[in-house]
Amino acid sequence: MSVVTELRVRYAETDQMGVVYYANYLVWFEVGRVEFMRSLGFDYKQMEMEDGCILPVVEATCRYKAPARYDDLILIEAGPILLRGSLLKFAYRIIRASNAREGQLLLAEGETAHLVCDASMQKCLMPERYAAPIRSAIRIFARDEQGEMDGQD
């Protein structure tokens with residue numbers, strides 16, 4: 001299961017040429033990840049405050065396909081792809097939304113890897129109240145991806 005978040009590119013996110021600065025894609029990955037967690041009924045603040053569970057990023061990749069520009073309406077698609085032990089991975093796609101002149105366009109895709117840690121930054125297992133819905137979302141995401149590959153949208 002992935003969640004799609006809509007966002008309009010702000011002027012401050014662009015360079016002198018009106019093209020989105022590359023590091024902003026990683027910020028958008030976080031926006032998508034936070035909204036995914038919220039869709040499951042919990043958020044990072046709750047995880048940190050109530051359970052002392054934090055998810056530092058230990059690896060991030062981004063493959064840029066086309067530029068985003070000022071005032072583009074973008075879609076941030078985010079969903080978990082792996083939860084094994086203390087490792088949690090998310091996949092992302094940044095898409096320019098359709099407009100009157102053109103269809104959707106894939107702008108970037110990537111992944112982040114997170115290590116589940118306690119408040120003292122020691123590796124730990126994710127509390128089950130978060131792990132169970134994330135594992136379910138991974139299974140749904142895998143089925144959805146398989147359907148797309150088989151042409152069964």
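Because the structure is predicted, anything quoted here is derived from the model rather than measured.
- By the 6.0 Å contact criterion, CD on Glu48 is enclosed, its count of non-hydrogen atoms from other residues, nucleotides or ligands being greater than 12.
- Atoms CG and CD1, from Leu88 and Ile138 in turn, are 6.5 Å apart once rounded to the nearest 0.5 Å.
- Across Glu111 and Phe29, no two heavy atoms sit closer than the pair N-CE2, 4.3 Å.
- In the hydrophobic clustering of this structure, Leu55 does not group with Leu125; members are Ile, Leu, Val, Met, Phe, Trp, Tyr whose side-chain heavy atoms approach within less than 4.5 Å, directly or through other members.
- Applying the side chain to side chain contact (heavy atoms under 4.5 Å, CB included) rule to Asp51 yields the partners Cys53, Pro127, Arg129, Tyr130; only residues at least two apart in sequence or on another chain are considered.
- For the atom pair CD1 (Ile74) and CD (Glu13), the distance works out to 7.0 Å, reported to the nearest 0.5 Å.
- Taking CG of Leu75 as the start and CG of Leu106 as the end, the distance is 11.0 Å to the nearest 0.5 Å.
- The cluster map of Ile, Leu, Val, Met, Phe, Trp and Tyr, joined by side-chain heavy atoms under 4.5 Å apart, puts Val3 and Tyr44 in the same cluster.
- Within the 3.5 Å criterion, the main-chain N or O of Cys62 finds no donor-acceptor partner in the side chain of Tyr25.
- Taking CD1 of Ile81 as the reference point, atom CD1 of Ile134 lies at 13.0 Å (rounded to 0.5 Å).
- Distance CD/Gln46 to CE/Met37: 9.5 Å, rounded to 0.5 Å.
- Around atom OH of Tyr64, more than 12 heavy atoms belonging to other residues, nucleotides or ligands sit under 6.0 Å away.
- Residues Leu105 and Leu73 are members of separate hydrophobic clusters, defined by side-chain heavy-atom contacts under 4.5 angstrom among Ile, Leu, Val, Met, Phe, Trp and Tyr.
- Nearest approach of Ile95 to Glu77, heavy atoms of both residues: CD1-OE1, 4.2 Å.
- Closest approach of Met17 and Arg69 over heavy atoms only: O-NH1, 4.1 Å.
- For the salt bridge (Lys or Arg N to Asp or Glu O under 4.0 Å) condition, the pairs that include at least one residue of residues 37-46, sequence neighbours left out, are Glu35-Arg38.
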Apply salt bridge (charged side-chain N to carboxylate O under 4.0 Å, His left out) to the pair Arg135 and Glu128, showing each step before the final yes or no. CA-CA 10 Å; Arg135 280 194 295 271; Glu128 191 58 26; 2.2 Å; yes
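- No single ILVMFWY cluster, assembled from side-chain heavy atoms under 4.5 Å apart, contains both Leu40 and Met49.
- With hydrophobic clusters built from ILVMFWY side chains whose heavy atoms lie under 4.5 angstrom apart, Val31 does not share a cluster with Tyr70.
- At a threshold of 4.5 Å between non-hydrogen side-chain atoms, the residues Glu30 and Thr112 do not count as touching.
- Within 6.0 Å of CZ in Arg84 there are 12 or fewer heavy atoms belonging to other residues, nucleotides or ligands.
- Of all heavy-atom pairs between Tyr92 and His114, the closest is OH-NE2, 4.1 Å.
- Nearest heavy-atom pair, Cys124 versus Cys117, reported as atom, atom and distance to 0.1 Å: SG-C, 3.5 Å.
- Panel note: side chain Arg96, backbone Pro67; a donor-acceptor pair is recorded below 3.5 Å.
- In this structure, CZ on Arg10 lies 12.0 Å from CG on Asp71, to the nearest 0.5 angstrom.
- Among all heavy-atom pairs drawn from Phe36 and Pro80, the shortest one is CZ-CD, 3.3 Å.
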